[in-house]
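Here is how names work: the chains are called A, B, and so on, in the same order as the sequence lines, proteins then strands, and each is numbered from 1. Just so it is clear, the values below take in all heavy atoms, side chains as well, and ignore hydrogens, waters and symmetry mates. Everything quoted here is computed from the prediction, not taken from an experiment.
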There are 2 protein chains.
Amino acid sequence: MSNVTIKDIARMAGVSHTTVSRALNDSPLINPETKEKIKSIAGSLNYTPNYSAKSLVLDRSYNLGLFFTTLRQGTSPGFLYEAIKGVNEIIKDRYNLIVRGIDDYKSYHHVNRKSFDGIMLMSQSAADQPFIEYASDHGIPFIVLNREVEMSGVVNLIPDDQSGAYRMTEYMLRCGHRRIAIVEGKAGFKSAQARKEGYREALLAYGIPLQDELCIRGDYGLESGYKAMVRLLALPERPTAVFCSSDDMALGAVKAAVERGLRVPDDVSVAGFDDTGYSAFTTPALTTVRRPIEEMSRAGAERLMALLETKESAERKTLFHTELIVRDSVKRLNTE
Amino acid sequence: MSNVTIKDIARMAGVSHTTVSRALNDSPLINPETKEKIKSIAGSLNYTPNYSAKSLVLDRSYNLGLFFTTLRQGTSPGFLYEAIKGVNEIIKDRYNLIVRGIDDYKSYHHVNRKSFDGIMLMSQSAADQPFIEYASDHGIPFIVLNREVEMSGVVNLIPDDQSGAYRMTEYMLRCGHRRIAIVEGKAGFKSAQARKEGYREALLAYGIPLQDELCIRGDYGLESGYKAMVRLLALPERPTAVFCSSDDMALGAVKAAVERGLRVPDDVSVAGFDDTGYSAFTTPALTTVRRPIEEMSRAGAERLMALLETKESAERKTLFHTELIVRDSVKRLNTE
DNA sequence: CTGAAAGCGCTAACAT
DNA sequence: ATGTTAGCGCTTTCAG
């Protein structure tokens with residue numbers, strides 16, 4: 001029932017508990033034979049160190065936080081999934097991974113250096129700026145993923161959303177589309193802004209003015225894509241292509257089009273962003289932009305662990321490349 | 001920078017640290033005025049208790065584990081998402097939620113009563129029986145969700161998969177289908193077996209023999225649904241309806257059918273299981289069985305917390321009802 | 001109502 | 001190479 005302590009082992013081995021502690025921590029000062037003996041006793045007694053005690057004296061909690069802006073809305077299941085998977089793969093059982101939406105906390109009181117050795121913030125919105133400042137003020141080692149932050153000295157891993165959106169829009173333009181709408185992401189989310197910017201830039205490069213009526217606000221969710229498409233289809237002059245800032249919204253948009261008797265991509269083209277596992281399996285398969293969440297999360301975990309061990313990390317800002325994934329939901333209007 | 005301890009507060013308040021401890025823990029033995037004074041000092045100093053110290057003396061870690069059989073395959077993003085969301089909603093900041101796939105552990109060494117006050121196991125497969133026994137042997141309070149376990153005395157919350165599958169199959173039969181295939185879930189997963197059983201039972205009730213060629217093994221993933229459908233469509237006599245044991249597989253199945261020029265549901269009907277957020281937005285909208293993961297997770301968190309506080313929990317086994325969700329992917333062949 | 005003292009299990013000087 | 005001692009920050013007898 002494992003209430004064995006180093007003192008018990010010490011007694012059995014006929015040494016002091018200090019020696020046991022050292023042996024178990026592989027101190028080089030201990031006689032190899034003694035060490036072997038102690039370890040074997042520990043093994044046979046099924047000894048497990050009491051991490052609360054270790055934590056107290058070593059001033060480490062062995063907890064790592066993986067925090068999201070919110071778990072309620074705007075965070076897609078696929079996003080959460082890939083992030084957790086990526087991080088867990090790296091930290092193995094060296095740390096406990098604590099997953100939380102920032103908005104689950106009434107106060108940040110429980111978030112402190114004693115309780116978290118480090119924090120990875122999957123930042124989605126500027127709304128978590130206060131949290132970032134809190135962490136910074138309280139000297140908690142942290143890194144920010146997914147959203148670019150201005151703060152200096154912060155390790156910041158971000159996907160290159162803007163150029164992804166640029167390439168997608170450019171692709172649509174190359175396919176001959178000229179009237180291209182965008183369904184934007186959640187208001188206040190940096191990623192939403194970056195994707196819009198890439199879209200704008202591409203249009204500009206082709207000398208096409210940005211039209212307000214073709215920019216519809218969404219919130220990254222399925223439903224909002226649906227509603228946006230309904231509005232777009234009601235326009236006097238319909239777009240020939242719709243760039244949705246998330247795959248989920250693209251799904252919703254396709255749904256709206258199909259319900260109104262239109263065919264995708266024959267009557268209207270639709271593209272997404274994210275490349276969730278589903279996008280290859282929708283009908284039609286979704287042309288989208290792949291966002292390397294899992295890779296970014298793995299890298300984040302590595303960087304955070306390095307930061308905890310060496311107390312510093314070289315590169316501050318790292319861009320993760322997005323990739324255009326061409327499937328079947330955007331029609332080629334020309335032969336180029 | 002919050003390295004304030006109760007001793008600092010004691011000094012400032014002119015009392016002993018014992019009194020501070022008691023005051024902060026709302027002990028009734030402390031003079032209300034003293035208490036107020038101490039609390040206000042603590043507040044102004046921005047005191048945060050050191051949870052490692054509390055943990056050591058109180059023998060509680062304030063950690064709750066949410067464990068999955070695996071995070072690599074067979075666990076859908078939606079499943080993970082709803083489970084985490086449900087649990088976090090209940091535990092708020094009273095506990096840390098640690099999310100892990102059991103197969104992330106090389107050994108269970110780090111899983112013990114000192115490190116986890118309690119564990120919720122989202123059990124998907126009999127493969128985690130050893131883990132359950134481990135937890136039980138080591139006296140870690142735990143409850144098992146999602147999969148029925150034989151072990152007595154274990155709090156066990158499970159969705160009623162079998163009757164969900166039964167109702168779905170029955171619905172297909174009522175629609176006039178007689179040649180109904182099933183794409184089964186991951187081998188070894190209890191849920192896969194239960195869904196198959198519900199299917200079998202319904203066929204039996206209608207006097208239809210189970211045909212091996214209509215039972216295809218899948219693994220709950222998109223791809224496996226696709227492959228299964230390919231095989232079914234190659235049959236000399238095709239099924240008129242295909243019951244997939246997960247929405248993901250249903251998506252794959254629809255994909256395969258459409259690629260082969262068939263229309264769903266006009267040429268072949270497809271149904272799913274789970275009712276993930278996506279199922280209403282696929283084309284056609286998926287007829288499926290809703291599985292109340294979030295509710296079950298919330299209930300699980302409540303039960304676990306009750307178990308930790310009162311050291312016992314009344315009901316051992318609770319069934320969560322699944323629900324038939326009729327949408328557009330199953331065709332009515334008759335007029336009944 | 002408050003304080004002194006002990007101790008949770010561990011690590012880390014400081015001896016030797 | 002090993003032991004002695006102190007102490008991490010907190011709660012909890014036990015005394016008063």
*Under 4.0 Å between any heavy atoms, over every strand shown, what does B:T5 touch: base, sugar-phosphate, or nothing? Just pick one.*
sugar-phosphate
*asked:* Between P on D:dC8 and CG on A:N50, what's the gap in Å once rounded to a whole number?
replied: 18 Å
*So which one's nearest nucleotide on DNA chain C is more toward 5', A:I6 or B:K35?*
B:K35
*Give a yes or no on whether a donor-acceptor pair under 3.5 Å exists between the nucleobase atoms of C:dA12, that is its base, and the side chain of A:T18.*
yes
*Provide, to the nearest angstrom, the distance between the NZ atom belonging to B:K37 and the C1' atom belonging to C:dT2.*
13 Å
*Between atom OH in B:Y51 and atom C1' in D:dC8, what is the gap in whole Å?*
18 Å
_What's B:L58 touching, base or sugar-phosphate or nothing? Going by heavy atoms closer than 4.0 Å._
sugar-phosphate
_Gap between atoms CD and C1', on B:E33 and C:dT2 respectively (whole Å)_ = 15 Å
*asked:* Rounded to whole Å, how long is the line connecting atom OH of B:Y62 with atom C1' of D:dC10?
replied: 10 Å
*Go through C:dG3, C:dA13, C:dA6 for me and flag the one nearest to the B:H17 side chain.*
C:dA6
*Matching residue for B:T19 among B:L24, B:I6, B:I30 - test: side chain to side chain contact (heavy atoms under 4.5 Å, CB included)*: B:I30
*Mind calculating the distance between NZ (B:K54) and C1' (C:dG7) to the nearest angstrom?*
17 Å
_With a 4.0 Å limit, can you tell me whether B:S21 has a side-chain N or O closer than that to the phosphate oxygens OP1/OP2 of D:dT11?_
yes
*Could you point out which residue of B:Y134, B:F131, B:F142 forms a ring pair (Phe, Tyr, Trp, His ring centres under 6.0 Å) with B:F67?*
B:F131
*Considering just the side-chain nitrogens and oxygens of B:T19, establish if one lies under 4.0 Å of OP1 or OP2 belonging to C:dG3.*
yes
*How is A:T34 classified with respect to the nucleic acid when contacts are heavy atoms under 4.0 Å: base, sugar-phosphate, or nothing?*
sugar-phosphate
*Between C:dA13, D:dC14, C:dG7, spot the one nearest the side chain of B:R22, thanks.*
D:dC14
*OP1 or OP2 of C:dC10 under 4.0 Å from side-chain N/O of A:Y47*: yes
*In whole angstroms, how far is the C1' atom of C:dT11 from the CD1 atom of A:I30?*
13 Å
*Could you check whether A:N25 gets within reach of a base, just the sugar-phosphate, or nothing at all, counting any heavy atom under 4.0 Å?*
sugar-phosphate
*Interatomic distance, B:L56 CG vs C:dG7 P [rounded to whole Å]*: 14 Å
*asked:* Taking the basic N atoms (NZ, or NE/NH1/NH2) and the acidic carboxylate oxygens, is any pair closer than 4.0 Å for B:R94 and B:E309?
replied: yes
*When you check the gap from the basic side-chain N to the acidic O, do A:R72 and A:D104 get nearer than 4.0 Å?*
yes
*asked:* If we ignore hydrogens and angles and just use 3.5 Å, is the side chain of B:T69 paired with the main-chain N or O of B:Q124 as donor and acceptor?
replied: yes
